[in-house]
Amino acid sequence: MNGQRNRGRVTLATIAAVFAVAALPGQAHAADGPAAYTFDPAAVSVRGAETNADAAELKPGSVYKSSVKHGQKLYYRLELDDRTDAYVSAVAVPKAGGKVAYGDGITISIRDLDDNRCSSEDVVFEAAEFPRPIAAYAHRTVDKDSTTCEAGGTYNVLIERQSKATSSPDAWDLELRYENEPAPKDKGSMPTEAPKDWTSASPVPPAGKQKRSGGSSFHDATGLESGEWVDGIAPGQTRFYRVPVDWGQQIFATAALSNSSKSTEYLGNALALALHNPALGHVDNATLAYSGAPNSVSLDPLPPVAYENRYASAADVSAMRFAGWYYLSVTLSPAAAEHYGDEAIGLTLKVKVVNDSKSSPYRGDAGIFGVTDEDRDMAKSGLGADAAGRSGTMKTVAAAGIGTGSVLVLGLGAWTLLARRRTPPAAVPPGAGGQPPPGGPPQAW
C-alpha cells in the first residue's frame with residue numbers, strides 16, 4: 001500500500017508539473033507599462049561587505065542578488081587558480097520612479113590582495129538621465145606578459161556606487177554573475193593584435209516586419225535573429241532582447257520610435273539603446289531624441305567577434321572578445337508620459353548579423369561563450385533563457401514517457417481508482433460508482 005500511495009503522489013506531482021509548465025508561456029511580456037526588473041530566480045542572496053576580510057565568496061557559474069547604497073563600496077571574494085580567465089558582472093537596478101543624474105553609476109573591479117587592479121569597468125548615466133538597469137563587468141585574465149593578477153589565490157571584487165546629492169538616496173538592487181572562460185586550444189599560437197579596421201556599412205536586414213515582445217531583464221530577454229522586429233515601449237519601460245553572434249560574425253542594430261499624434265513636444269535623449277556581451281560587459285550605447293515624428297538611432301559599427309579583440313585599447317572593441325548571446329536593452333524616458341501619455345509607443349528593432357561562423361578557439365565546451373544550433377533555434381522562435389528552461393522541463397516530462405494528454409488520462413484514472421479503494425462499498429450510493437470523492441482528490445495526494 002505504501003508503494004501504491006507513493007506512485008500516486010508521483011503521478012500527481014507529474015501532473016502538477018505539466019500544468020505549471022503549460023501555464024507559464026501564457027505569462028507573455030506586454031507593452032502595457034513599466035514592469036519591475038525580473039531577477040534570475042536562481043539568484044542567491046548575498047550581502048556585500050564594507051571590508052574585504054568579511055567578503056562572501058562568489059562561485060563560478062552562479063548568479064547572486066545583492067544591493068548597494070548611495071556612496072557605498074562593497075567587497076565580494078573570488079578564489080582563482082593561476083590559469084583560468086574569470087569574469088564578474090554587476091547589473092545595477094535603480095528603483096523605478098526615482099531620480100538619477102549625469103555621472104551616477106557603478107564601477108566594478110577585480111583586485112588582488114595587494115589591491116592591484118586586474119581590470120575595471122564603469123557604467124554611468126550620461127545625457128539620458130532616467131532610471132534603468134545598467135551593467136558592467138570586470139575580469140582577471142592570465143597574461144604571461146603581466147606581473148600582476150597571475151597567481152592563484154584569493155581576489156576581491158569591488159563594487160562602488162557614485163550618486164549625486166540630488167539623486168534618489170534609495171539602495172540599488174544588484175544582480176551579480178561570475179563566469180570562467182574556457183581555455184583556448186593553444187594560447188601560445190593565438191593572435192595578440194586587435195583588428196584595426198572592419199566593415200562599417202550597415203547592411204539591410206531581411207524584408208518583412210515581425211512582432212516580438214521584449215523581456216524585462218537579461219534573464220528573460222527575448223531571442224532575435226536578423227530581421228525587423230516590431231514591439232511597443234511605454235514611458236519608463238526597459239525592453240530586453242538577445243541575439244546569438246558567433247565567432248567571426250558582426251552585429252548591427254537600430255532602434256526606431258514610431259510617430260505619435262498626441263504631441264510634437266521635443267524630448268532630448270528620449271530613448272536609450274545599449275548592447276552588452278555574453279558576460280554582460282558593456283559594449284556600446286546610443287540615445288535618440290523624439291518630437292512625435294518617426295526617428296531612429298543605431299549603434300556604432302562594431303568589429304566581428306574575435307578572441308584577439310581583447311587586446312584592443314578601445315573598450316567597445318575589447319568587449320567583442322567572445323561569441324554567444326549579445327543583449328540589447330531599450331528604455332523610453334519616463335518624461336515621455338508628460339507629452340505623449342502613458343500608452344506604449346511603437347518600437348522597431350532592425351538587427352542584422354553578417355558573416356559565416358568560424359570555429360571556436362576553445363579546447364572544450366564553450367558554455368555561454370559560443371553559439372549552438374539550439375541557440376539559433378531559440379532566436380528564430382523568440383525564446384528567452386527562462387522559456388528555454390521551461391522547455392527543458394517539458395522535455396524531462398516527455399522523456400519519462402508521459403505526454404500531456406496521457407497525464408490527464410492517467411491522473412483522472414488514478415483519482416477514480418483511489419476514490420474507489422478508499423470508499424467502503426457499502427458507503428457508495430446507488431449510481432455513484434466511479435465518481436470522484438467530494439471535495440476533490442484524497443488529502444494524501
Considering residues, nucleotides and ligands other than K350, do more than 12 of their heavy atoms fall under 6.0 Å from its NZ?
no
Spacing of L257 atom CG and L271 atom CG [to the nearest 0.5 Å]:
4.5 Å
Between N269 and E129, is there a donor-acceptor pair closer than 3.5 Å when you use the side chain of the first and the backbone of the second?
no
Distance in Å, Q72 CD paired with S163 OG, rounded so as to fall on 0.5 Å steps:
11.0 Å
For P184 and Y307, the nearest pair of non-hydrogen atoms, with its separation, is CG-OH, 3.7 Å
Any sub-3.5 Å donor-acceptor pair from E150's side-chain atoms to D143's backbone N or O?
yes
Please tell me if the side chains of D316 and L302 come closer than 4.5 Å, counting only heavy atoms from C-beta onward.
yes
Verify, without hydrogens or angle tests, whether R111 (side chain) and R117 (backbone) share a donor-acceptor contact under 3.5 angstrom.
no
Checking side chain to side chain donor-acceptor pair (under 3.5 Å) for the pair T38/S217: CA distance, chi angles, key distance, verdict?
CA-CA 5 Å; T38 302; S217 69; 4.7 Å; no
Single hit among Y326, W325, F218, Y327 for ring-ring contact (aromatic ring centres under 6.0 Å, His included) with F240
F218
For N309 against P303, the heavy-atom pair lying closest together:
ND2-CG, 4.2 Å
Evaluate side chain to side chain contact (heavy atoms under 4.5 Å, CB included) for V142 paired with T84, printing each intermediate quantity in order.
CA-CA 7 Å; V142 180; T84 305; over 6 Å; no
R177 to Y64, cation-pi by 6.0 Å centre distance and 45° axis angle:
no
Does the side chain to side chain contact (heavy atoms under 4.5 Å, CB included) test come out yes or no for Y137 and V88, once each step is laid out?
CA-CA 6 Å; Y137 75 166; V88 178; over 6 Å; no
What I'd like to find out is whether the side chain of F369 reaches to under 4.5 Å of the side chain of P182, using heavy atoms alone.
yes
How long is the span from the CZ atom in R161 to the NE2 atom in H70, to the nearest 0.5 Å?
6.5 Å
Donor-acceptor contact below 3.5 Å, side chain D112 vs main chain T154:
no
Using a distance-only test with no angle check, is there a side-chain donor-acceptor pair under 3.5 angstrom linking N180 and Y87?
no
Hey, is the main chain of V63 close enough, under 3.5 Å, to the side chain of E175 for a donor-acceptor pair?
no
Taking the ring of Y76 and the ring of Y178, is the distance between their centroids below 6.0 Å?
no
Whether R363 and D186 form a salt bridge (side-chain N of Lys/Arg under 4.0 Å from carboxylate O of Asp/Glu) is what I want to check.
no
Flag the pair N285 / L275 as yes when at least one side-chain heavy-atom distance between them is below 4.5 Å, and no otherwise.
no
Is there a side chain to side chain contact (heavy atoms under 4.5 Å, CB included) between V230 and L347? Walk through the geometry before answering.
CA-CA 6 Å; V230 179; L347 170 69; over 6 Å; no
Heavy-atom check, side chain of Q249 versus side chain of S357, under 4.5 Å:
yes
Less than 4.0 Å between a side-chain N and a carboxylate O, is that true for K380 and E225?
no
Is a side-chain donor-acceptor pair under 3.5 Å present for E228 with Q210?
no
Counting C-beta onward and ignoring hydrogens, is there a side-chain heavy-atom pair between D122 and I106 closer than 4.5 Å?
no
So, do V245 and V371 sit near enough that their side-chain heavy atoms are less than 4.5 Å apart?
no
Tell me the closest heavy-atom pair linking A101 and T166, and the distance in Å.
CB-OG1, 4.4 Å
Main-chain N/O of G281 paired with S89 side-chain donor or acceptor, under 3.5 Å
no
Nearest non-hydrogen partners of A90 and L176, listed with the distance
CB-CD2, 3.6 Å
Is the closest side-chain heavy-atom distance between Y311 and R321 below 4.5 Å?
no
Can K73 and E160 be counted as an ion pair, charged N to O under 4.0 angstrom?
yes
Looking only at heavy atoms, which two atoms of A379 and L224 are closest? And how far apart?
CB-O, 3.3 Å
What I want to find out is whether R77 reaches E79 closely enough, with some N-O distance under 4.0 Å, to be called a salt bridge.
yes
Can you see whether F39 has K65 sitting over its ring - NZ or CZ less than 6.0 Å from the centre and within 45° of the normal?
yes
Give a yes or no on whether a salt bridge exists between R140 and E181, defined as a side-chain N under 4.0 angstrom from a carboxylate O.
no
Backbone N/O of R83 and side chain of D81: donor-acceptor pair under 3.5 Å:
yes
State whether the side chain of N295 and the backbone N or O of A256 hold a donor-acceptor pair below 3.5 Å, judged by distance alone.
no
Test your reading of the model: is there a side-chain donor-acceptor pair from D104 to the backbone of K164, 3.5 Å cut-off?
yes
Smallest heavy-atom separation, S329 atom then T238 atom, equals CB-CG2, 4.2 Å
Residues S109 and S120: side-chain donor-acceptor under 3.5 angstrom:
no
Indicate yes or no: at least one non-hydrogen side-chain atom of L174 is less than 4.5 angstrom from one of V93.
no
Do E179 and I368 pass the side chain to side chain contact (heavy atoms under 4.5 Å, CB included) test, and can you show the C-alpha distance, the side-chain angles, and the key distance before you say yes or no?
CA-CA 9 Å; E179 295 286 349; I368 68 167; 3.6 Å; yes
Using 4.0 Å as the upper bound for N to carboxylate O, is an ion pair formed by D375 and R242?
no
OG/S62 to CD/E57 distance, rounded to the nearest 0.5 angstrom?
10.0 Å
Can you see whether F130 has R132 sitting over its ring - NZ or CZ less than 6.0 Å from the centre and within 45° of the normal?
yes
Just verifying a value: how many Å separate N156 CG and C118 SG, rounded to the nearest 0.5 Å?
9.5 Å
Has D356 got more than 12 heavy atoms of other residues, nucleotides or ligands less than 6.0 Å from its CG?
no
Distance in Å, E374 CD paired with L383 CG, rounded so as to fall on 0.5 Å steps
9.0 Å
Under a 4.0 Å threshold between the charged nitrogen and the carboxylate oxygen, would K358 count as salt-bridged to D246?
no
After noting the C-alpha distance and the side-chain angles of D220 and S216, does the key distance pass the side chain to side chain donor-acceptor pair (under 3.5 Å) rule?
CA-CA 6 Å; D220 66 359; S216 60; 3.1 Å; yes
Ring centres under 6.0 angstrom apart (Y155, Y75):
no
Is a side-chain donor or acceptor of S298 paired with a backbone partner of T254 at a separation under 3.5 angstrom?
no
